[in-house]
Structures are given as structure tokens and as C-alpha cells.
Protein chains: 2
Amino acid sequence: MHGADDRFERIQVAPAYQQVAEAIEREILAGHLTPGERLGTEADLVRQFGVNRSTVREGIRLLEQSGLIRRDQSRRLFVSLPRYNRLATRMSRALVLHQVTFRELWEASMSLETATVEAAAERASPEDIAELEDNIAKMETAPDSQAIAELDNDFHAMIARISRNRVLQLAREPAGLLFTPTLKIILDEVAVAGRRNLEAHRKIVDACRRHDIETARLWMQRHITDWRRGFEKAGQQLDDPVERTYVQHMGLGGAYR
Amino acid sequence: MHGADDRFERIQVAPAYQQVAEAIEREILAGHLTPGERLGTEADLVRQFGVNRSTVREGIRLLEQSGLIRRDQSRRLFVSLPRYNRLATRMSRALVLHQVTFRELWEASMSLETATVEAAAERASPEDIAELEDNIAKMETAPDSQAIAELDNDFHAMIARISRNRVLQLAREPAGLLFTPTLKIILDEVAVAGRRNLEAHRKIVDACRRHDIETARLWMQRHITDWRRGFEKAGQQLDDPVERTYVQHMGLGGAYR
DNA sequence: ATTATCCATTTGTCCGACAACCCAATGTTG
DNA sequence: CAACATTGGGTTGTCGGACAAATGGATAAT
């Protein structure tokens, strides 16, 4: 039946559990609930919203996943700031599911990492430099390629933190996460990769210590270019999409805990 | 009671609803469930996992929020690719909650937008150019500053799409979203802002048509610098954190629907 | 063949219940 | 009196069952 041509669109009512989540999210974004603050108990929310506890719980799960609320060891709920690495993990997964290519990854990282290292070179403190040098020292004595790849990831994350720019920090993280597994492969396949990697890190730290922005950028460019060369030397195809396996091992652990 | 010194750490069991979510997510990441595919009914999942329906539903809410599964108009569940703008919205919110400053935003955008426009200038097709020109035409006749600000956001999103680099596209989006409200303010406060904005867009499209990467980058730099000048002329402080109000109006609508 | 009607499924919501767990207040012991 | 052990109330995680509303598909009527 189509009746007379319809005059009205259907009125949509969001399910109650969504409304619960939206209401709480609004309070958080409005600043009426601040990070660290306790959210009431489930019973409280049941009373306030006038819905069943199951409904409240479903709403809470939405917020829990978005990182706006978390549970402490006592499992009680409190408001929380969404964590960067959680968001970055989600983005990495999305990128993989969308089958982005290594070329896209490389191109983006070239801009993001150079921009980041420029800011870091400008702002690095002696403490920052010490931390970076510690990372390099660890890498020099790292037992295997897996450890080196992880330390490399740490290094770039440190640079991002030192940039004192959280927008850049968040923007570079997803691509950074996807590099780690490839670096391990490269280290296993290309003999010089480890040495060149370390050299670039050293030069970058040197430049940061001297606040030499130009040199820092230059060496970061070389560093990212090296990755590409190594990637191709290891027999990988730049226009292949990032394989799904790269996120599987990233572990679901962090995602819901 | 502390007894003898404990030999074992406590065994952690994740709640059943988390395990449900993780199990389904694993299947998706492993490729056994592909986007578009129907997930079983709740009753199916109850049977397979051997848990209560409430538990299954809580697990589903986690995945729903992460964008890995969605409900079609019939409310049945199917596997889905996480959407960029959903992720970008979340990131924008996180940035605001972390109280990033406009300076961070500006600095990051300067790198991200220039990198994006370089790639776009290299790869823009005639159809892409036509779309950009259409956007400019609309902006020339836009009724108010709100409309212009939104068209500006569209323009930059188009450039990102034209870059054919989804990593860059995703990386620039969160910062881009936070610019829109400020641009409206600038347009209202600074007389020349609208004209300069349009001029920059025109020059950028011109450069893209000619695949003139250098010029495209140059005008994007000017464009972003103009934003900063306008922002300061409008009496705003670059080192203030982005206000919470900037995300509230972004609407929760998209977040859970 | 197209339209209208009916029925089985499925989701959203509710109710009630209970074990495991956490925290704090209480009592106990050196 | 202080440190410890115990107890009890409150909270979360999970379960079972129930029902209205909405949906999709099958069936009947035009």
C-alpha cells in the first residue's frame, strides 16, 4: 500500500540505550562531568533515566568503548579522557580494513614524521634528549629484530611527544603502528638496515640536541626513505595493501580493557 | 590476610561481554567475516557463545560503537567498515577534551594540509577540478558565514580525497573539523577574510589543474597562514585551548547512529 | 501480477534473581 | 593502641524469562 503520497517522514526515536549514552556524553562534553569524577552506580542511573538496568548497561558499554568512561579496579565507573593509543589502534585497524597501501602509509609518514621532528628539534629539553639516548642505547644491545622494531616505534613516539604537539602526535600514531611489523621484516632481510636505522636515530637526536631543525628534518627524511628502500629490498610491494595480519597481533587486549 | 608471600598473580578473566566482542572482532580482522555480511541474530550468538542474551547484547554494543558492526534499517546486524568521519569525530572530541591549543592545531594543519595538497596537485583529474570549482562557485554565492565555513571544510576534505591518500585523509580530518567554527568567527570579524579565503582556494585549484605542486603548496601555506592572521585579528588567543563548545555542536547524532 | 493480510522472527525493553567481588566498618589479637 | 581478621552491605556481571513493536516473508485476495 502506498496510499496518498506521504506527507511526513517517519519519526525516528533512538533506542533508549543510545539516548542514555548520548545524555551522559553530553554532560561530559559540557564539562558538567569532569575526567576522574565518579559516575553514579548503575542503580543511580536507572533511577535518573527511568529505564531498566539492562538498558543502562548497554548505554554504558557504548561509552566505555569510546573511552569516555572507564572502570577502575573496583569496576566502578568514572569519567575518563579517551586515550591516544586506543584511538590510534582503532584508526590503524580502520586503515587496514580499508586496505590502504604501503605507498599511502609511506607518503603520509614522510610528511608527518618530518613535521613532528621539526617541532621536536625546536623544543627538546635535555631530559628529552636523555630519554632518546636511552632508547638508542637499548637498541644497540637489543637481542632481536622484534625488539629493535618495537624500540624504533618507541623512538618515533618519543619524538612525537617531544614535539609538544598533541595533534601531530595523534595524527602520526596510526601510521606509525603499522610500520613496526614491516621494520622487523626489513631488519631480518636487509643486512645494513639495522646500522642505517641506528645512524639515522643518532643524527636525529644530535640535531635535536642542537635545536638544528634543518638537519633533524633532513635525517628524518633519509630515515623514512631508508625504510622504503629496505621495504623494497626485502621484496615487498609498495602498492600492496597493508595485510590484515598487521593488526591482528596488535592484540585486542588493549581495545576493551 | 597476607599469608606467605604470594607466589601467583591473580588470574584475570575478562567479562563475558568483552570476550564476545573480542571473538567477533577477531573473526572480522581475520577476514572470516567480511564487511556487508550478516552477523547472526542475537539468538544465534547466544547459542554459539553459550551466554545469556543480555551478555551478547552488551558485547554487540562495544562493536557497534567501534564501527565494526552496524544495524541496517531493519535493525539487523551486519559487518561494516569503520567510517572515517566517525573516527575523525571521535578524535576531534579527544583533542578537545585533552585541551589542545589552537597553536597545536595550526601547526599540525600547516603540515597536513600542505602535504595533502601536494599529493592532490599531482593526481587531480579533470573531474576532481570540476568538483572543486563547483565548491568555489557555491562559496561565491553562499548566504552567510556559517555556510562559507562549511564549504571551506568541504573544500579541504575534497582536496584530501583527491590526494588519493587515505592515511593523510584520515590524519587531517580531526584538525579540519575543529577549524570550521573558528572560520565562521573570523569571517564575521575580519572583513577581508572571505575574499582572501576565496582567492586562496582559486589559486589552489588553478595549481592543481596544472599539476603545479610547488604553487599549490605555496598557496596552501598562505591559506593556513591567513587563517592564523584572521584568528588573531578576530581577537582570539592562539595559545588558548580549543573550547569544548566546538565539539558539542558537532552533534552526537552521528556518533551512535 | 499486484496488492493486501497474516504470521513467525527479531529486536528493544523490562522484571527479578543471585554469585562474586569490593569497600568499609566492625571486632579481635598481639 | 596498632595491626590484623571478619563481617556485612553495596555493586557489578550474569542469568532466566517475558512481552510489545517492528520487520520480512509467505499467503490470500483482487
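The analysis underlying the following values was restricted to heavy atoms, covering all of them including side chains, and did not include hydrogens, waters or symmetry mates. Residue numbers begin at 1 in each chain, while the letters A, B, ... track the order of the sequences.
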Residues which pass side chain to side chain donor-acceptor pair (under 3.5 Å) with B:D144, listed by chain and number, not counting sequence neighbours: none

Grab the [atom1]-[atom2] distance between [X] and [N] for me, whole Å please.
X: A:L39; N: D:dT12; atom1: CG; atom2: C1'; result: 14 Å
X: A:R38; N: D:dG10; atom1: CZ; atom2: P; result: 16 Å
X: B:L77; N: D:dG24; atom1: CG; atom2: P; result: 14 Å
X: B:R71; N: D:dT23; atom1: CZ; atom2: C1'; result: 14 Å
X: B:L45; N: C:dT11; atom1: CG; atom2: C1'; result: 13 Å
X: B:F78; N: C:dT11; atom1: CZ; atom2: C1'; result: 15 Å
X: B:E58; N: D:dC15; atom1: CD; atom2: P; result: 10 Å
X: B:R70; N: C:dT11; atom1: CZ; atom2: C1'; result: 18 Å

Residue pairs passing the ring pair (Phe, Tyr, Trp, His ring centres under 6.0 Å) test where at least one lies in residues 29-53 of chain B, sequence neighbours excluded: none

Counterpart residues, ring-ring contact (aromatic ring centres under 6.0 Å, His included), relative to B:F155 (two or more places apart): B:H201

Any residue meeting ring-ring contact (aromatic ring centres under 6.0 Å, His included) with B:Y84, in chain and number order, not counting sequence neighbours: A:H98

Contacts of type side-chain contact (heavy atoms from CB on, under 4.5 Å), residue B:E133, not counting sequence neighbours: B:I129, B:V205, B:R209

Residues in side-chain contact (heavy atoms from CB on, under 4.5 Å) contact with B:Q237, at least two apart in sequence or another chain: B:D240

Out of [options], which has the shortest distance to the side chain of [X]?
X: B:E42; options: C:dT11, D:dG13, C:dT13; result: C:dT11
X: B:N52; options: D:dC15, D:dG13, C:dG12; result: D:dC15
X: B:T41; options: D:dT14, C:dG12, C:dT10; result: C:dT10

Flag side-chain contact, heavy atom, 4.5 Å: A:N153 against A:L177: yes

When you measure from the side-chain N and O atoms of [X] to the phosphate of [N], is any distance below 4.0 Å, counting only OP1 and OP2?
X: B:R57; N: D:dC15; value: no
X: A:R75; N: D:dG13; value: yes
X: B:T55; N: D:dG13; value: no

Between protein and nucleic acid, restricted to nucleotides 23-25 of chain C and to nitrogen or oxygen atoms under 3.5 Å apart, what atom pairs and distances do you find?
residue : atom : partner : partner atom : Å
C:dC23  : OP1  : A:Q73   : NE2          : 2.7

Residue pairs, two or more places apart or on separate chains, that pass salt bridge (charged side-chain N to carboxylate O under 4.0 Å, His left out) and touch residues 164-175 of chain A: A:E113-A:R172, A:D128-A:R164, A:R166-B:E104

Give every pair of a protein N or O atom and an N or O atom of nucleotides 18-20 of chain D that lie under 3.5 Å apart, one pair per line with the distance.
residue : atom : partner : partner atom : Å
D:dA18  : N6   : B:R53   : NH2          : 3.3

Nearest heavy atoms of B:Q19 and B:A14, plus distance in Å: NE2-O, 2.8 Å

